[in-house]
Every structure is written in structure tokens, then in C-alpha cells.
Amino acid sequence: MSLARCNSYYNATIKQETHYPSLEGELDVDVVIIGAGFTGVATALELAERGIKVAVLEANKVGWGATGRNGGQVTGSLSGDNAMVKQLRNRIGHEAEEFVWNLRWRGHEIIKKRVAKYEIDCDLKFGHLHTAYKPAHMAEMQATYEEGLRRGMGDELTLLAKADIPDYLDTPLYHGGLLNRRNMHLHSVNLCIGEARAAEANGALIFEGSQVLDIRDDKRVTVTTDKGRITANCAVLAGNAYHRLARNKLKGMLFPASLGNCATVRLDPQLAKQLNPHDLAVYDSRFVLDYYRMTADNRLMFGGGTNYSGKDSKDVAAELRPALERTFPRLKGVEIEFDWTGMAGIVVNRIPQLGKVSEHLFYCQGYSGHGVASSHIMGEIMSQAVQGQLEEFDLFAQMKQIRLPVGDWLGNQGMALGMLYYRMMEYFR
């Protein structure tokens, strides 16, 4: 098994690479977590801080999957928020809106406190701009802005008109936007590795190159790799779109979608400042959007498009270049040094999926492209659940999810057709 990382900017700028051993022999722990991305590591850290004996099994390297391949944006754009509110109204009444609103920002607070507590060097910065791609999209910005004012965010939000955009971005594209100073952006792999080291310092055991081959749930859970076995009181599946375990229970619920990212060569600092004077993370208002930001060493990191075939794109840089140059005409012909893809776990109704495969086997997945903040929220909820505190876990576990009664290939084609429909609707909006 190759443990090589992909050709991403993140992996080229890791502060301290991980060298955890593979599992050999037998272990007995309280909780075993499968997957060392944000969900698995965040859950492990929460448990280790509370003195729970936890082991993490990763088939590749810490942060190898979607955690190390995203845009590094931490925003309050919670996946499936409206669908959540509708379902929660039937169970918690008028508190549903408040619960979902607070959920938007919960991941921000977890990450900020963790970075400060463990002194994690992950280029954490504040400031995000949601841009209006069409004049009609400003109505959404206005509504979000007014809700933020009602909820006490007046000092953190600024509604921008089209005439204001040149002060924030050197681009001809947008018709306005909403500036949010609470939102953040960061180096995803360095954050995940920093959290893994914090979990280890608190007693967690982490194993890389340890693909899980079998899970048995009897009175306790037994997880087997090619060279070892762990017995635990319970287990958490945290592999999202990158694992194929428990397919009898999870099949048809989540579908992989390939998201592309790239990073240019280092730009002249003055040019970088002209392109993005306030060093903001940005995404636009389309259903299938572009997103970008400046890295700590003055590269433009640019992502966009979504491939719902379940397969990686063949030439990510070539696919992203037209959108990059359309956004920043001054970068026409710029050299792209890194390009990579990552598999997001897409859910039909966009609500994150938490539940149980069996009595002692939990799962947590499906952030639909909004995973940096959401994974930290769900890590907190999952850590509570495996300790028997099920109130928040049950809110998600009892959500009505849509299971497509088809194989993965047909499911991905169905998702692709659905996205085509939304793109057409957006075109005429």
C-alpha cells in the first residue's frame, strides 16, 4: 500500500510530517475510530481530552483524504440548513432555527480554541467574502445580512454593492457581496496533523497504513487489519467518501463527488495584495461555485467545479484555468504549480448523516462540500454519543435521509442529472 500524499499545496508545505506506525498485534481500547481525517481526529481528540482510551486507524496518512484536499475555508454556510430546520421543527419546535443558527458557528469556536490551546501553526486567518455572481443573487446576500444583524453580528458583517468590489478584489465578475469577518481560512493538513499530535499527547493511539479489512460487532467491536486487531467497546466509521465499510447499511446514502483545486506559483507580494487586498477567502453565489484565497506564501489557491461521476478529473489545472483567468484577468498565463482532486461525500438532502450500523458501531459522514467546520462539530457530537450522551446525536440520527435504491454508478449519474437541473434553473434565475 502506498502512503504517498497527493500533489497539493498543503502536502508540499507540511510543517511536520507524520510517521505513525501501522497496527501490529492486538489492542484493547474504549473506542476505535476508523479514518484519520478531520472527523476521526476531532472525535479522537475530544475523547482523549476526557481520559477515554481511543485508537485511530488510518489506511493512508493523517489528513490524506478530503481533509487534505479542500479549499481550507471555514464558513457558516452549513450544508442542508433549511432541510434541517424543517425536520427539527417537528421535534424541538421553535428552537429549531436557533439550534441550526448556532450550529453554523460552532465549528469556528472549536477550531479557534484548539489552535490557541495547542499552538497549532496552520495559517489561521479571518475574513471571507460571499460574492454575487448575478444581480439577482444580491437578494440572498441582503437576507443573510439582515438575519446576521438580528442575531448580533453587526460588527462582523458588511454588505457590499458592485461599486465596492474593487476595494476587495481585482476582478470584473461580481455584482456585490457579503463580507463576513467571523469566517476563517487555514492550512487544512497542518491543522489536522496538529490536532492528531494533540490527541496523541492526551493518550490517543494513532496508526497509519492500517486499512481495516473486517469489523465484527458482538458484545464488543473487533476491528481487523492485515497485521493486527483492536477490540473496543464501540467504533466510529469516519472515512466519509473514502471507505467501503458497512455497505449493507450505508449503500445508497452517500455519493462521492470529485472537487478540483490548484495553486499557482508564488506571486509577487505586491501583485497578491492588489488581487486580494484584505487577504479574504472567497466563494461565489452559484450552486456549483468557484472558491479561492491567497496562501501564506502568496499563491492563489483556486477551486471549483464538481465532477459527480465519482471519478477524478484527468487534468484539473486545465479545467480550472479558464475560471481562474476569468476571475483574475491579470493572471492570464500564470504557471500553476500544484493541482489535485478530493472526494467530497454528497448527500441528497445535504444533511450530515450520523447513525448506527449496529449496537456498538457508529458512523458519521456526508458534509456535501462544507466539511472543515462541520467535521469539528460532528466530532464533538460523536465523542458525546460514544460516551452515552445521545441528545444531539439523536437529533441527526433521526433525520429522514434519502437512500437511492441503486448502485453507486447509477447513483452518481442521478446526482449528476440533479446538478444539471439546478445549473439550468440557476441560469434562468
Side-chain angles (χ1 to χ4, degrees), residues 9 70-77 123 125-142 144-145 156-186 259-306 316-340 369-370 423 426-427 429:
Y9 163 78
N70 55 61
Q73 301 194 18
V74 185
T75 73
S77 54
D123 304 331
K125 300 176 183 179
F126 292 85
H128 177 268
L129 183 57
H130 187 192
T131 56
Y133 205 82
K134 293 183 177 182
H137 295 176
M138 281 302 295
E140 175 188 352
M141 310 290 168
Q142 181 75 39
T144 304
Y145 174 68
E156 297 172 293
L157 300 176
T158 302
L159 190 65
L160 304 179
K162 182 175 183 177
D164 299 319
I165 293 296
D167 293 333
Y168 294 87
L169 295 170
D170 183 19
T171 177
L173 285 185
Y174 307 125
H175 297 268
L178 181 60
L179 175 62
N180 185 315
R181 299 175 187 85
R182 182 181 296 186
N183 285 338
M184 309 181 294
H185 52 105
L186 47 77
L259 307 180
N261 266 284
C262 68
T264 68
V265 295
R266 292 178 181 175
L267 305 177
D268 180 270
Q270 184 176 357
L271 174 59
K273 187 76 172 176
Q274 291 170 344
L275 295 174
N276 188 344
H278 301 277
D279 201 9
L280 303 172
V282 183
Y283 59 65
D284 67 60
S285 54
R286 294 172 296 170
F287 195 77
V288 179
L289 49 82
D290 293 331
Y291 50 94
Y292 52 89
R293 63 190 183 88
M294 288 295 175
T295 65
D297 57 355
N298 294 314
R299 304 171 190 270
L300 177 68
M301 182 187 293
F302 193 97
T306 308
V316 178
E319 292 179 11
L320 291 176
R321 180 177 291 280
L324 186 158
E325 294 180 351
R326 183 170 61 249
T327 304
F328 293 111
R330 293 176 67 174
L331 293 184
K332 186 173 180 61
V334 68
E335 181 182 348
I336 294 175
E337 186 169 355
F338 302 102
D339 64 289
W340 64 97
H370 298 273
R423 280 180 165 177
E426 185 171 75
Y427 179 81
R429 181 160 57 136

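Side-chain contact between L275 and M294 is present, with at least one heavy-atom pair separated by less than 4.5 Å. Put simply, the side chain of R326 reaches to within 4.5 Å of the side chain of L173, judged on heavy atoms. The shortest distance between side-chain heavy atoms of D123 and L186 does not fall below 4.5 Å. Looking at heavy atoms from C-beta onward, L160 lies out of side-chain contact with Y174 at the 4.5 angstrom threshold. With a 4.5 Å cut-off on side-chain heavy atoms, L169 and N276 count as touching. The shortest distance between side-chain heavy atoms of T327 and D284 does not fall below 4.5 Å.
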Verify side chain to side chain contact (heavy atoms under 4.5 Å, CB included) between L324 and L300, making sure each step is shown before the conclusion.
CA-CA 9 Å; L324 186 158; L300 177 68; 3.9 Å; yes
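Side chain to side chain, S77 and Y283 meet the donor-acceptor criterion of an N or O pair below 3.5 Å.
Within the model, atoms CZ of R286 and OG1 of T131 stand 8.5 Å from one another, a figure rounded to the nearest 0.5 Å. Within the model, atoms CG of L259 and CG of N70 stand 9.0 Å from one another, a figure rounded to the nearest 0.5 Å. Note: L280 CG to K125 NZ = 10.5 Å, rounded to the nearest 0.5 Å. To the nearest 0.5 Å, atom CE of residue M141 and atom CG of residue L179 are 12.0 Å apart. To the nearest 0.5 Å, atoms CG (N183) and NE2 (H130) are separated by 10.5 Å. The CZ atom of F328 sits 7.5 Å away from atom CZ of F302, with the distance rounded to the nearest 0.5 Å.
Among pairs with a residue in residues 164-186, those fulfilling salt bridge (charged side-chain N to carboxylate O under 4.0 Å, His left out) read E156-R182, D170-R330, at least two apart in sequence or across chains.
The pair R299-D297 meets the salt-bridge criterion, with a side-chain N (NZ, NE, NH1 or NH2) lying under 4.0 Å from an Asp/Glu carboxylate O.
Side-chain N or O atoms of H137 include none that pairs as donor or acceptor with a backbone N or O of H175 at under 3.5 Å. At least one donor-acceptor pair under 3.5 Å links the side chain of Q73 to the backbone N or O of V282. Put simply, the side chain of S285 gets close to the backbone of Y133: a donor and an acceptor are under 3.5 Å apart.
Under the side-chain contact (heavy atoms from CB on, under 4.5 Å) criterion, R321 pairs with E325, V334, I336, not counting sequence neighbours. Considering only residues two or more places apart in sequence or on other chains, M301 meets the side-chain contact (heavy atoms from CB on, under 4.5 Å) condition with Y9, Y10, N261, R293, T295, W340.
Shown here for D279 and H185, the closest heavy-atom pair between the two residues is O-NE2, 3.0 Å. The two residues A163 and P166 make their nearest non-hydrogen contact at O-CD, 3.4 Å.
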